[in-house]
Amino acid sequence: EEFDLARKDYQYCLDHAYANSFVLEGMSKVMGHDAQLDSALLYVNQSIEKDSASLSALEWKARVYYLLRDYDESARVYEIIINSSINPSPSLYLDASASWNACNNVTGDKRAIEILEEGIKRIGPLHIFYQELLHLLKDQLKFEKAIEYSTILVEKSVNKANPLAQRSV
């Protein structure tokens with residue numbers, strides 16, 4: 001029901017020539033909620049044309065590309081956001097990695113790992129980065145590198161029982 005009200009509000013704004021970036025991004029999210037992803041992409045692109053510095057619009061655009069299964073483009077947009085951000089959120093690195101991984105090709109597999117490694121260098125050694133790296137490396141059958149990161153994870157852990165158990169799997 002709230003999305004219906006939001007759609008009416010945004011449509012009213014659009015009908016009365018009050019189409020700023022906030023209104024366009026909002027309409028895009030309403031369209032995304034309704035699974036009208038092509039329309040969602042159209043509106044978010046218009047929003048970005050009006051405010052190219054809007055990281056929330058760019059993040060939504062990356063998400064829409066992911067939902068459209070255009071994983072390469074999704075990953076590229078996430079990387080633009082990461083490179084534009086002063087203090088990027090760890091979730092941006094995780095989402096970029098997931099997008100690259102979903103590409104199901106050699107370049108995507110490589111970038112999925114590299115972007116997480118970049119996150120570790122830029123943000124710090126977050127447990128979630130190492131967990132995702134281990135998952136990707138195991139899936140890609142890169143066991144030596146997985147053991148290397150498992151060892152780092154164990155060394156950084158306060159409670160060593162869980163990482164040790166995971167390393168043995």
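Leu14 contributes atom CG, which lies 9.5 Å from atom CG of Asn20 (distance to the nearest 0.5 angstrom). In this structure, OG in Ser84 is found 6.5 Å from CG in Leu55, a value given to the nearest 0.5 Å. For the atom pair OG (Ser85) and CD1 (Ile80), the distance works out to 11.5 Å, reported to the nearest 0.5 Å. Annotation: the span from Asn101 atom CG to Leu116 atom CG amounts to 9.5 Å, rounded to 0.5 Å. Atom CD of Glu73 and atom CG of Leu68 lie 11.0 Å apart (nearest 0.5 Å). Atom SG of Cys103 and atom CG of Asp109 lie 8.5 Å apart (nearest 0.5 Å).
Contact check for Val30 versus Gln36: no side-chain heavy atoms found under the 4.5 Å cut-off. Proximity of Thr107 to Lys110: side-chain heavy atoms (C-beta onward) are nowhere separated by under 4.5 Å. Put simply, the side chain of Asp72 reaches to within 4.5 Å of the side chain of Arg76, judged on heavy atoms. Counting heavy atoms from C-beta on, the side chains of Ile115 and Ile82 come closer than 4.5 Å. No side-chain heavy atom of Tyr65 sits under 4.5 Å from any side-chain heavy atom of Trp60. By the 4.5 Å heavy-atom criterion applied to side chains, Glu144 and Leu137 are not counted as neighbours. No side-chain heavy atom of Glu118 sits less than 4.5 Å from a side-chain heavy atom of Lys121.
Linking ILVMFWY side-chain heavy atoms closer than 4.5 Å, directly or via other members, places Leu37 and Met27 in two distinct hydrophobic clusters. Residues Tyr78 and Ile120 fall within the same hydrophobic cluster, defined by Ile, Leu, Val, Met, Phe, Trp and Tyr side chains chained together at heavy-atom separations under 4.5 Å. Note: the hydrophobic cluster containing Leu24 does not contain Ile81 (ILVMFWY, side chain heavy atoms under 4.5 Å, direct or indirect links). Residues Val77 and Leu67 fall within the same hydrophobic cluster, defined by Ile, Leu, Val, Met, Phe, Trp and Tyr side chains chained together at heavy-atom separations under 4.5 Å.
Scanning for side-chain contact (heavy atoms from CB on, under 4.5 Å) contacts around Ala57 gives Glu25, Val44, Ser47, Ile48, Ser54, with sequence neighbours left out. Partners of Tyr12 under the side-chain contact (heavy atoms from CB on, under 4.5 Å) rule, at least two apart in sequence or in another chain, are His16. Residues satisfying the salt bridge (charged side-chain N to carboxylate O under 4.0 Å, His left out) criterion with Asp4, sequence neighbours excluded, are Arg7. Applying the ring-ring contact (aromatic ring centres under 6.0 Å, His included) criterion to His33, with sequence neighbours excluded, gives Phe3. Take Ser52 and apply the side-chain contact (heavy atoms from CB on, under 4.5 Å) test, not counting sequence neighbours, and it matches no residue. Among residues two or more places apart in sequence or in another chain, the side-chain contact (heavy atoms from CB on, under 4.5 Å) test is passed with Glu117 by Ile113, Glu114, Leu133, Lys145, Tyr149. Residues that satisfy the salt bridge (charged side-chain N to carboxylate O under 4.0 Å, His left out) test with Arg63, not counting sequence neighbours, are absent from this structure. With sequence neighbours excluded, the residues that form a salt bridge (charged side-chain N to carboxylate O under 4.0 Å, His left out) with Glu79 are Arg111.
Applying the ring pair (Phe, Tyr, Trp, His ring centres under 6.0 Å) test to residues at least two apart or on different chains, the pairs with a partner in residues 83-122 are Tyr93-Phe129.
Of all heavy-atom pairs spanning Leu153 and His127, the tightest one is CD1-ND1, 3.1 Å. Across every non-hydrogen atom of Ala112 and Ser97, the tightest pair is O-OG, 2.9 Å.
At least one donor-acceptor pair closer than 3.5 Å links the side chain of Ser99 to the backbone N or O of Asp95.
Under the 4.5 angstrom side-chain criterion for Ile, Leu, Val, Met, Phe, Trp and Tyr, the cluster partners of Leu141 are Phe143. Hydrophobic cluster of Tyr71: the remaining members, joined at side-chain heavy-atom separations below 4.5 Å, are Tyr66, listed by chain and number. The hydrophobic cluster of Leu42 has no other members, since no ILVMFWY side-chain heavy atom comes under 4.5 Å of it.
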- Message: Using the rule given for side-chain contact (heavy atoms from CB on, under 4.5 Å), can you reason through Gln11 versus Lys8, listing the C-alpha separation, both sets of side-chain angles and the distance that settles it, and then say yes or no?
- Response: CA-CA 5 Å; Gln11 191 61 56; Lys8 288 176 186 175; 5.8 Å; no
